[in-house]
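Worksheet for the structure shown next.
Whatever order the structure lists them in is the order used to number ligands and atoms, beginning at 1. Computed from a prediction, not measured in an experiment: that's the story for all the values here. Residue numbers run from 1 in the order of the sequence given.
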Amino acid sequence: MTIVLTPYWSNGVQKLKVAPQPAPPPKKGLVPPVLDQNIHTLRCLAQLRSKTSNLEKYIYLSHLKTDDPHMFYKLCLNHMSEITPLIYTPTVGDACQQFSQIYRRPEGLYVSIQDKGKIRAVIGNWPKIDDARISVVTDGSRILGLGDLGVNGMGISIGKLSLYVAGAGIRPESTIPICLDLGTNTQRYLDDPFYMGIRQKRVGDEEMAEFMDEFMHEMTTAFPKLMIQFEDFSTDNAFKYLERYRNKYPVFNDDIQGTGAVVLSGFLNAAKLASAASGLPLTDHRILFFGAGSAGVGVASQLTSFFTLLGLTKEQARRKIWLVDSQGLVYDTRGRLAEHKKYFSRDDYQGPPMTNLLDIIDYVRPTALFGLSTITDAFSGDVLDAMAAINPRPIVFPLSNPVKLAECSFADAVAHTGGSVLFASGSPFPEQQYQGKILYPGQGNNMYIFPGLGLGAILARAAEVTDSMVEASSLGLAQSLTKEEHALGLIYPQIERIREISAHIAKEVIRAAQKSGVDRSPDLRTKTDAELLQFINSKMWNP
Ligand SMILES: NC(=O)C1=CN([C@@H]2O[C@H](COP(=O)(O)OP(=O)(O)OC[C@H]3O[C@@H](n4cnc5c(N)ncnc54)[C@H](OP(=O)(O)O)[C@@H]3O)[C@@H](O)[C@H]2O)C=CC1
Ligand SMILES: CC(=O)C(=O)O
Ligand SMILES: [Mg+2]
């Protein structure tokens, strides 16, 4: 039994905290006479596979997580590519949409607008206050590309935290899934007797800001070692609350920064392959974003900041980007623009609104096309043909989640580009056979980033999450491809290696935290890289 020598206080009595251990062997007679753990693992897998729908599989796994977390995480780690789509995108999207129907038992912490003024008491009810290290917090206002799901958004916080445990070895009891209930503007939930949130429209900006200030203050007071990941807030609030708290608390926004990091990483690996075919230097790429919300602009910012590392001025880097939103190409003279789009708005186009994606491709001649729009099949056959006509190896990333909202499928992208596409999607697609070869799609999803970024920030005890830490996570991921993965033409590593990848990312993140002076674990400063990696691995919880 490992004893962690940090005293903690519970009911006024000092105790030693005991690291999570498998449950003691059950007393004789209380379990079947022969219950071999290895056979039981196979039994659980067979039970899972016997379910006919993915939602049933999700429900089975939720039960397993509560009843036998060690078995749940063992299955996750041993069958990562099979289980990730069940506990995360795409199935988590269905689970959130039907959260009120499939709800069995409480999980996570709900803080509602009705708790304003007394949030401390609600947070104080969390049973594992001293263990808390990472919280994923959503207000349910933009869950994946599915819109305002109100408290049904709790499913996304739960899913992301399962990946923190599986992918980065965060202790399960150190995670707090949180859904803030600020109302919902989705009428069908307000009318649904099963809906479990308060029955009111979302509160106004001022009331939300007061609530958020109190929430953040109380969270960071109650849990002094906590990292907070904001998830799936609607666009304006995603930017607003990241800016409001990022220099005050250890917080990052997964949709803006995690997505920025994962897409930069995939772009770098894809651009190398594209440049090998076209001869085009990295700094000559032209990147078109279809979708200019929190994720689109987050990725654009991450890319431009990387281009400045390559020696471009900020202005030159900015000019590599074209944004398209629901009104078409984003440009200065088009009319009033949302604040977050202004920086990337083009000042070199003055014509009439350009709304057709084919016209825009013809005008921009992009080497890379990223979809973060929630518009299913927006990258039609014609669009893919156009990308293939101007690029020997077009980079096409339909990143919207879940699968049903992807801008195109891998099969279509392969078919319309003669197999030359460099592809990554937000949710997984199956591999394709093309002219006797197997082609593998990448999964450009922030799930590659946040476990390692969060782990690094926790171990460094970072006071804030700096841009350099996010960038380090991205470059760490880009470097983590093995020779075999390069040989297969992959642009993201295989998800089965997530623990190894997260450890590497965490190391890079800790070093970046140290360079920016936001780390509060001075002991880690004197470790060599090898020692640091060993330390990170030793901190990972294993089922
Ligand atoms: N792969 C990954 O890791 C991640 C994927 N995502 C996915 O990205 C998608 C977008 O997320 P997010 O940026 O936060 O959402 P937002 O709502 O902030 O942004 C959506 C953007 O798409 C634009 N849009 C909507 N309809 C059209 C249209 N018909 N043509 C062109 N553009 C359109 C919107 O335009 P307007 O501004 O005019 O409203 C807006 O700019 C979601 O599906 C989400 O799941 C998000 C984070 C991570
Ligand atoms: C992956 C993710 O964070 C999203 O789709 O919102
Ligand atoms: Mg998200």
Side-chain angles (χ1 to χ4, degrees), residues 84-85 88-90 92-93 96 136-149 153 155-157 159-160 163 229-240 242 252-266 288-302 322-330 334-342 344-345 353-357 360 369-380 383 397-407 424-429 442-450 474 477 492:
T84 309
Y88 187 52
T89 184
V92 74
C96 287
V136 173
V137 178
T138 185
D139 72 344
S141 54
R142 190 289 273 147
I143 296 296
L144 305 175
L146 301 168
D148 179 355
L149 304 191
I156 202 74
S157 298
K160 295 259 175 188
L163 291 187
Q229 169 170 327
F230 284 151
E231 189 69 44
D232 290 4
F233 281 70
S234 59
T235 323
D236 288 354
N237 288 330
F239 287 107
K240 172 174 172 176
L242 175 62
F252 71 97
N253 182 295
D254 186 38
D255 299 291
I256 300 172
Q257 297 166 291
T259 315
V262 80
V263 178
L264 169 62
S265 170
L288 179 59
F289 285 83
F290 188 74
S294 55
V297 170
V299 176
S301 307
Q302 196 67 55
W322 286 259
L323 298 182
V324 177
D325 64 10
S326 62
Q327 309 305 308
L329 185 71
V330 175
R334 191 181 83 176
R336 219 172 72 82
L337 287 176
E339 204 51 44
H340 64 275
K341 297 175 192 167
K342 286 185 180 160
F344 293 107
S345 167
M354 205 188 280
T355 52
N356 183 300
L357 183 54
I360 297 171
L369 174 63
F370 296 152
L372 291 146
S373 66
T374 76
I375 304 298
T376 316
D377 289 337
F379 300 168
S380 62
V383 165
F397 287 5
L399 296 162
S400 288
N401 293 316
V403 172
K404 63 187 173 193
L405 300 182
E407 286 80 3
S425 52
S427 301
F429 277 102
Q443 191 175 354
N445 191 296
N446 48 34
M447 71 177 179
Y448 274 110
I449 291 289
F450 62 76
S474 177
L477 175 62
Y492 289 104

Distance col, row Glu231:CD vs Ile143:CD1, nearest 0.5 angstrom, shows 7.5 Å

So the atoms of ligand 2 within less than 4.0 Å of a heavy atom of Asp232 turn out to be 6 (O)

message: Leu399 versus ligand 1: do any nitrogen or oxygen atoms come within less than 3.5 Å of each other?
response: yes

If you scan protein heavy atoms around atom 28 (C) of ligand 1, the nearest is Ile375 CG1, 3.7 Å

message = Walk me through whether Ser425 and Gln443 qualify under side-chain hydrogen bond (donor to acceptor under 3.5 Å, both in side chains).
response = CA-CA 5 Å; Ser425 52; Gln443 191 175 354; over 6 Å; no

shortest atom 48 (C) of ligand 1-to-protein heavy-atom contact is with Thr259 OG1, 2.9 Å

Atoms of ligand 2 under 4.0 Å from any heavy atom of Tyr88, numbered from 1 in the order shown, are 1 (C)

What I want to find out is whether Lys160 reaches Asp254 closely enough, with some N-O distance under 4.0 Å, to be called a salt bridge.
yes

The atoms of ligand 2 lying under 4.0 Å from a heavy atom of Asp254, numbered in the order shown, are 3 (O)

The N/O/S atom of Asp232 lying closest to the Mg ion (ligand 3) is OD1

Under 4.0 Å from one or more heavy atoms of Gly145, ligand 1 contributes atoms 42 (C), 43 (O), 45 (O)

Under 4.0 Å between heavy atoms, the region of Asp325 that gets near ligand 1 turns out to be both

Candidates Gly444, Ala238, Gly296; heavy atom nearest atom 2 (C) of ligand 1 found on Gly444

Note: OD1(Asp255)-the Mg ion (ligand 3)-OE2(Glu231) angle, rounded to 10 degrees, equals 110°

| message | For the 3.5 Å polar cut-off, considering only N or O atoms, please tell me whether Gly426 and ligand 1 meet it. | response | no

request  = Compute the shortest N/O to N/O distance between Arg142 and ligand 1 and return yes if it is under 3.5 Å, no if not.
outcome  = yes

Assess Lys341 for proximity to ligand 1: is some non-hydrogen atom of it under 4.0 Å away?
yes

The single option from Ile449, Val299, Asn445 that satisfies side-chain contact (heavy atoms from CB on, under 4.5 Å) with Val262 is Ile449

re atom 20 (C) of ligand 1, the protein heavy-atom contact at minimum distance is Leu372 O, 3.7 Å

Nearest non-hydrogen protein atom to atom 19 (O) of ligand 1, with distance, is Gly293 CA, 3.3 Å

Atom 30 (N) of ligand 1 sits nearest the protein heavy atom Phe290 CZ, 3.2 Å

Within 4.0 Å of some non-hydrogen atom of Asp255, the atoms of ligand 2 are 2 (C), 3 (O), 4 (C), 6 (O)

Which of Val92, Val403, Leu144 passes side-chain contact (heavy atoms from CB on, under 4.5 Å) with Ser427? It is Val403

Using a strict cut-off of less than 4.0 Å between a Lys/Arg side-chain nitrogen and an Asp/Glu carboxylate oxygen, indicate whether Asp325 and Arg334 qualify as a salt bridge.
yes

N/O of Leu405 under 3.5 Å from N/O of ligand 1, yes or no?
no

Atom 5 (O) of ligand 2 sits nearest the protein heavy atom Asn401 ND2, 2.8 Å

heavy-atom search around atom 16 (P) of ligand 1 in the protein gives Thr235 OG1, 3.6 Å

Per-atom filter on ligand 2: closer than 4.0 angstrom to a heavy atom of Lys160 are 1 (C), 2 (C), 3 (O)

* Asked: For Gln327 and ligand 1, does the shortest N/O to N/O distance drop below 3.5 Å?
  -> no

Within the 4.0 Å heavy-atom cut-off, what Thr89 brings close to ligand 2 is neither

Honestly, for Gln229 the part within reach of ligand 2 (heavy atoms, under 4.0 Å) is neither

Checklist entry - Touching ligand 2 at all, Met447? Heavy atoms, strictly under 4.0 Å? => result no

Residue, atom and distance of the protein heavy atom nearest atom 25 (C) of ligand 1 read Ser373 O, 3.6 Å

Taking only non-hydrogen atoms of Asn446 and a 4.0 Å limit, the atoms of ligand 2 in range are 1 (C), 2 (C), 3 (O)

Note: ligand 2 atoms sitting under 4.0 Å from heavy atoms of Arg142 are 6 (O)

Judging by distance only, is a nitrogen or oxygen of Ala295 under 3.5 angstrom from one on ligand 1? yes

Logged contact type for Ile156 with ligand 2, heavy-atom cut-off 4.0 Å, is neither

Next item on the list: Kindly confirm or rule out an N or O of Ser326 lying under 3.5 angstrom from an N or O of ligand 1.
Entry: yes

